[in-house]
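Letters A, B, ... mirror the listed sequences (proteins, then strands); counts begin at 1.
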There are 2 protein chains.
Amino acid sequence: MKRNRTSYVILGMLSIEPNRSGYEIRKAVASSVGYFWGESYGQIYPALKQLAAEGLIVPTLTQAGTAKKRRQQYALTDAGRACLRGWLALPFQNDPPRNEFLLKLFFAREADPGVAIAHIRQLQELNRGAIGILEGIEKMLRQQASQSPHFPYWMLTLTLGAAMTRAALEWGESALAQLALADAGAIEDRQATKSDPPPTPEG
Amino acid sequence: MKRNRTSYVILGMLSIEPNRSGYEIRKAVASSVGYFWGESYGQIYPALKQLAAEGLIVPTLTQAGTAKKRRQQYALTDAGRACLRGWLALPFQNDPPRNEFLLKLFFAREADPGVAIAHIRQLQELNRGAIGILEGIEKMLRQQASQSPHFPYWMLTLTLGAAMTRAALEWGESALAQLALADAGAIEDRQATKSDPPPTPEG
DNA sequence: CGTGGCATGTAAACGGTTACATGATTTA
DNA sequence: TAAATCATGTAACCGTTTACATGCCACG
């Protein structure tokens with residue numbers, strides 16, 4: 001039975017906490033795995049229908065007591081849980097990353113000299129923001145979920161993200177320094193063709 | 001004029017070296033930017049047609065001298081080069097990464113204890129391989145392209161990839177250690193409920 | 001000569017995003 | 001009751017992969 005990954009994300013989210021609606025699942029995805037996975041309504045709602053038709057999830061009664069909005073909630077069935085576990089045990093597929101930043105950097109020679117520097121600065125901004133967000137999530141996790149059996153795995157996803165982001169930040173600093181040097185070198189070269197060469201700058 | 005990114009990759013590749021065919025462009029992509037970008041024939045050939053129709057590239061005569069296979073080559077026009085430069089100067093869009101490894105790790109509590117460890121080991125394998133490939137490319141670049149004006153930018157793409165991969169490798173080691181400890185802890189806990197607690201193992 | 005791989009291309013299917021439509025619920 | 005927003009859903013579109021079709025060239 002071929003199934004797309006959206007279905008597994010839904011099963012996973014319901015395995016962590018049952019009785020969620022499509023809307024809630026979408027929000028949970030964005031706020032937990034959002035920095036390495038995304039889902040849109042256009043995928044979630046059809047997938048919910050399909051999963052329910054196959055008996056992997058069941059619609060649960062919206063408790064009429066408080067009646068918060070009208071929303072159809074779902075919970076995992078035994079078959080759904082088994083399906084999730086089967087998928088988890090399968091080797092992960094690492095989908096080829098698409099990194100437009102690196103693409104532009106690769107072709108940057110064709111552009112004006114400032115372009116690469118501007119892109120790297122934009123990347124640094126993004127990565128600094130990401131570090132902040134990751135640290136925020138980590139703090140919240142430690143306070144609110146440190147006793148959860150999910151905690152160690154959730155922390156691991158965070159620390160990998162943080163480690164790679166920090167590595168990228170360090171790279172960015174050195175890359176900016178390099179490009180600045182190269183610019184200075186180019187200026188020197190231009191001066192050198194006009195007058196005497198000053199090979200090393202001195203105070 | 002809306003244009004997909006495949007077109008810019010083609011323009012970029014032709015800006016580095018003109019007179020390439022679709023097949024050659026595909027191969028060049030795979031062997032240079034392959035670890036952060038991919039293109040398939042199904043995109044390249046239609047894009048070539050479209051670019052030619054818009055005058056951004058021109059089909060060049062396959063030199064009848066050696067007649068190496070039949071293949072239609074293309075070269076950049078001035079308009080094509082200008083188009084590429086315009087795109088390069090635009091802020092890059094960072095497309096949300098999709099990382100199935102992290103997704104499975106996030107849900108790993110639902111699976112058997114060995115599953116997360118197996119996935120991390122698989123990741124380590126992949127990353128060790130990636131480091132090897134990146135180092136190979138770097139060596140080749142230093143030998144064959146160190147005088148090219150593209151060289152500094154190409155090196156930067158390599159060093160970012162290497163830095164992030166190395167960070168992931170380090171993370172993997174510590175993650176494996178952590179999970180091994182957790183397993184040992186779980187065993188201890190189970191023993192503790194059966195007999196006296198041995199809080200710290202001693203020779 | 002014919003087989004295998006090179007090179008070009010196309011059609012179909014897929015996964016995913018976006019935009020839009022709609023009702024229901026809060027709030028002002 | 002009007003406006004804003006919540007929640008669900010659908011249709012269309014886009015980019016991409018995959019599978020397939022085909023002809024050409026080199027080599028045995």
message = Expressed as a whole number of angstroms, how long is the span from B:Tyr45:OH to D:dC20:C1'?
response = 15 Å

request  = Let me know the distance between CD of A:Gln43 and P of D:dG9, rounded to the nearest Å.
outcome  = 16 Å

message = Side-chain N or O of A:Ser21 versus OP1/OP2 of D:dA7: is the shortest distance under 4.0 Å?
response = no

Phosphate-side-chain proximity, A:Ser40 and C:dG16, N/O vs OP1/OP2 below 4.0 Å = no

note = Rounded to whole Å, the CD1-P distance (B:Ile25 to C:dG9) equals 11 Å

ask   = What's the CH2-P distance between B:Trp37 and D:dG15, to the nearest Å?
value = 12 Å

ask   = A:Lys49 has an atom NZ; how far is it from atom C1' of D:dA7, in whole Å?
value = 13 Å

task = Rounded to the nearest angstrom, tell me the gap between atom OH in A:Tyr8 and atom C1' in C:dG15.
result = 15 Å

ask   = Of all the nucleotides listed (C:dA7, D:dT8, D:dG9), which has the minimum atom distance to the side chain of A:Arg71?
value = D:dT8

message = Can you measure A:Leu48 atom CG to D:dG9 atom P for me and round it to whole angstrom units?
response = 8 Å

task = Map B:Pro46 and A:Glu39 onto DNA chain C by nearest heavy atom, then report which one ends up closer to the 5' terminus.
result = B:Pro46

remark   = Here the distance between atom P of D:dT18 and atom CD1 of B:Ile44, to the nearest Å, is 14 Å

key: Carboxylate-amine/guanidinium proximity below 4.0 Å for B:Glu110 and A:Arg81   = yes

key: Salt bridge present between A:Glu39 and A:Arg26 (N-O < 4.0 angstrom)   = no

ask   = Heavy atoms, side chains only, cut-off 4.5 Å: are B:Tyr8 and A:Lys104 in contact?
value = no

key: Lys/Arg N to Asp/Glu carboxylate O, A:Arg142 vs A:Glu138, below 4.0 Å   = yes

query = Hey, which of these two, A:Gly42 or B:Gly42, hits DNA chain C nearer its 5' end, going by closest nucleotide?
reply = B:Gly42

